[in-house]
Amino acid sequence: MSLQIIQAKPNPAGKDSNKDQNGSIPNRPEQLFGEWVDVKNIGNDEVHFPTMQVRHALFDETCQATGELELYWIGVNANFLKPGQVLRIHAGRREDAHQMSSEDQAGADWHGYAESDNFILNNRCGDKIVLSWQDAVNQICQDWACYAPYPPEDLILKRSGNLLAGAGAGLSPDQ
């Protein structure tokens with residue numbers, strides 16, 4: 001395996017508290033960039049960005065997975081993710097990236113954007129994030145990680161097995 005989802009921040013500060021009476025969220029660009037997924041190249045070969053896709057699970061009203069995966073991000077940059085590099089994929093639009101906080105910018109070599117005006121990852125049901133890419137011999141590879149419902153606000157969830165969790169969300173700080 002050469003790529004791995006290593007961490008995510010699915011519930012940035014204020015994501016669930018900005019809902020109006022209709023349940024819709026007036027999203028500010030700087031807030032959208034706080035929802036992100038980090039992908040690291042843990043292999044020895046570089047991976048071409050256009051071969052990468054990130055999807056996430058869809059759920060019904062009772063939080064049962066529908067079996068469908070919705071596109072979160074697709075690589076369009078003609079560059080390569082080199083061994084050891086980290087790609088951070090944000091909700092939000094590239095054109096608004098100048099509004100991103102330094103906290104959400106730090107720790108990544110590359111930044112990708114879902115090009116959405118809405119939050120994408122599911123807090124109420126938890127979510128499953130699926131990464132796919134083409135390796136150096138053109139085989140389709142895949143990695144996935146999931147997190148439990150109602151992740152703590154503004155917490156970066158770290159990977160343990162296929163679970164993304166953190167202090168207060170199933171893992172102790174030293175894991």
Worksheet item: For the side chain of His90 and the backbone of Glu35, is there at least one donor-acceptor N/O pair under 3.5 Å apart?
Response: no
Fill in: Whether Asp143 side chain and Ile5 backbone form a donor-acceptor pair below 3.5 Å
yes
Fill in: Main-chain N/O of Ala57 paired to Asp127 side chain as donor or acceptor, under 3.5 Å
yes
Worksheet item: Any sub-3.5 Å donor-acceptor pair from Lys15's side-chain atoms to Pro10's backbone N or O?
Response: yes
Discussion item. Under a 4.0 Å threshold between the charged nitrogen and the carboxylate oxygen, would Asp104 count as salt-bridged to Lys9?
Written reply: yes
Discussion item. If I take atom CG from residue Leu87 and atom CG from residue Asp38, how far apart are they, to the nearest 0.5 angstrom?
Written reply: 8.0 Å
Fill in: Heavy-atom check, side chain of Trp73 versus side chain of Met52, under 4.5 Å
yes
Worksheet item: Would a distance-only check, ignoring hydrogens and angles, find a side-chain to backbone donor-acceptor pair under 3.5 Å from Glu153 to Asn11?
Response: no
Fill in: Atom of His48, atom of Asn79 and distance for their closest heavy-atom approach
CD2-O, 3.3 Å
Worksheet entry | Heavy-atom closest pair, residues Asp60 and Cys125 | O-SG, 4.5 Å
Discussion item. Show the nearest heavy-atom pair for residues Ser2 and Trp133, with the distance to one decimal.
Written reply: OG-NE1, 3.2 Å
Fill in: Sub-4.5 Å side-chain heavy-atom contact between Gln105 and His111
yes
Worksheet item: Roughly how far, to the nearest 0.5 Å, is the CD1 atom of Ile6 from the CG atom of Leu164?
Response: 10.0 Å
Worksheet item: Mind checking what makes ring pair (Phe, Tyr, Trp, His ring centres under 6.0 Å) contact with Phe49, not counting sequence neighbours?
Response: Trp110
Discussion item. Could you tell me if the side chain of Tyr72 sits less than 4.5 Å from the side chain of Arg55, heavy atoms only?
Written reply: no
Worksheet item: Can you name the ring pair (Phe, Tyr, Trp, His ring centres under 6.0 Å) partners of His56, sequence neighbours left out?
Response: none
Worksheet item: Between the side chain of Tyr147 and the main-chain N/O of Asn122, is any donor-acceptor distance below 3.5 Å?
Response: yes
Discussion item. Just so I know, are the side chains of Leu155 and Leu157 near enough to count as touching, which here means a heavy-atom distance under 4.5 Å?
Written reply: yes
Practice prompt. Indicate yes or no: at least one non-hydrogen side-chain atom of Val37 is less than 4.5 angstrom from one of Leu121.
Written response: yes
Worksheet item: Does Met100 belong to the same Ile/Leu/Val/Met/Phe/Trp/Tyr cluster as Phe119, with side-chain heavy atoms less than 4.5 Å apart forming each link?
Response: no
Worksheet item: For Asp154 and Pro12, which heavy atoms make the closest approach, and how far apart are they?
Response: OD1-CA, 3.8 Å
Item to complete: Determine whether more than 12 heavy atoms belonging to other residues, nucleotides or ligands lie under 6.0 Å from atom CD of Glu95.
Response: yes
Worksheet item: Would you say the side chain of Gln7 lies within less than 4.5 Å of the side chain of Trp36, judging by non-hydrogen atoms?
Response: yes
Discussion item. Closer than 3.5 angstrom, by distance alone: can the side chain of Arg93 be matched with the main-chain N or O of Pro29 as a donor-acceptor pair?
Written reply: no
Worksheet item: Does Arg159 reach the main-chain N or O of Gly161 with its side chain, forming a donor-acceptor pair under 3.5 Å?
Response: yes
Worksheet, complete the sentence: When every non-hydrogen atom of Ala97 is compared with those of Tyr113, the smallest separation belongs to CB-OH, 3.5 Å
Fill in: Polar side-chain atom of Arg88 near backbone of Ala106 as donor-acceptor pair, under 3.5 Å
yes
Item to complete: Evaluate side-chain contact (heavy atoms from CB on, under 4.5 Å) for Gln64 paired with Phe59, printing each intermediate quantity in order.
Response: CA-CA 5 Å; Gln64 296 299 310; Phe59 298 88; over 6 Å; no
Item to complete: Would you indicate whether the side-chain heavy atoms of Asp135 and Cys141 approach each other to under 4.5 Å?
Response: yes
Worksheet item: Just wondering, do Lys82 and Asn41 contact through their side chains at under 4.5 Å, heavy atoms?
Response: no
Practice prompt. Indicate, with yes or no, if Leu3 and Ile129 share a hydrophobic cluster defined by side-chain heavy-atom contacts under 4.5 Å among Ile, Leu, Val, Met, Phe, Trp and Tyr.
Written response: yes
Practice prompt. Test Arg124 against Cys63 for side-chain contact (heavy atoms from CB on, under 4.5 Å), laying out the working first.
Written response: CA-CA 8 Å; Arg124 187 175 69 84; Cys63 286; 3.3 Å; yes
Fill in: Hydrophobic cluster of Ile140, others only, ordered by chain and residue number, side-chain cut-off 4.5 Å
none
Fill in: Flag, side chain of Thr66 to backbone of Leu58, donor-acceptor distance under 3.5 Å
yes
Practice prompt. State yes or no: do Ile120 and Ile89 share one hydrophobic cluster built from I, L, V, M, F, W and Y residues joined by side-chain heavy-atom distances below 4.5 Å, directly or via other members?
Written response: yes
Practice prompt. For residues Asn118 and Leu32, report the shortest heavy-atom separation together with the two atoms involved.
Written response: C-CD2, 3.5 Å
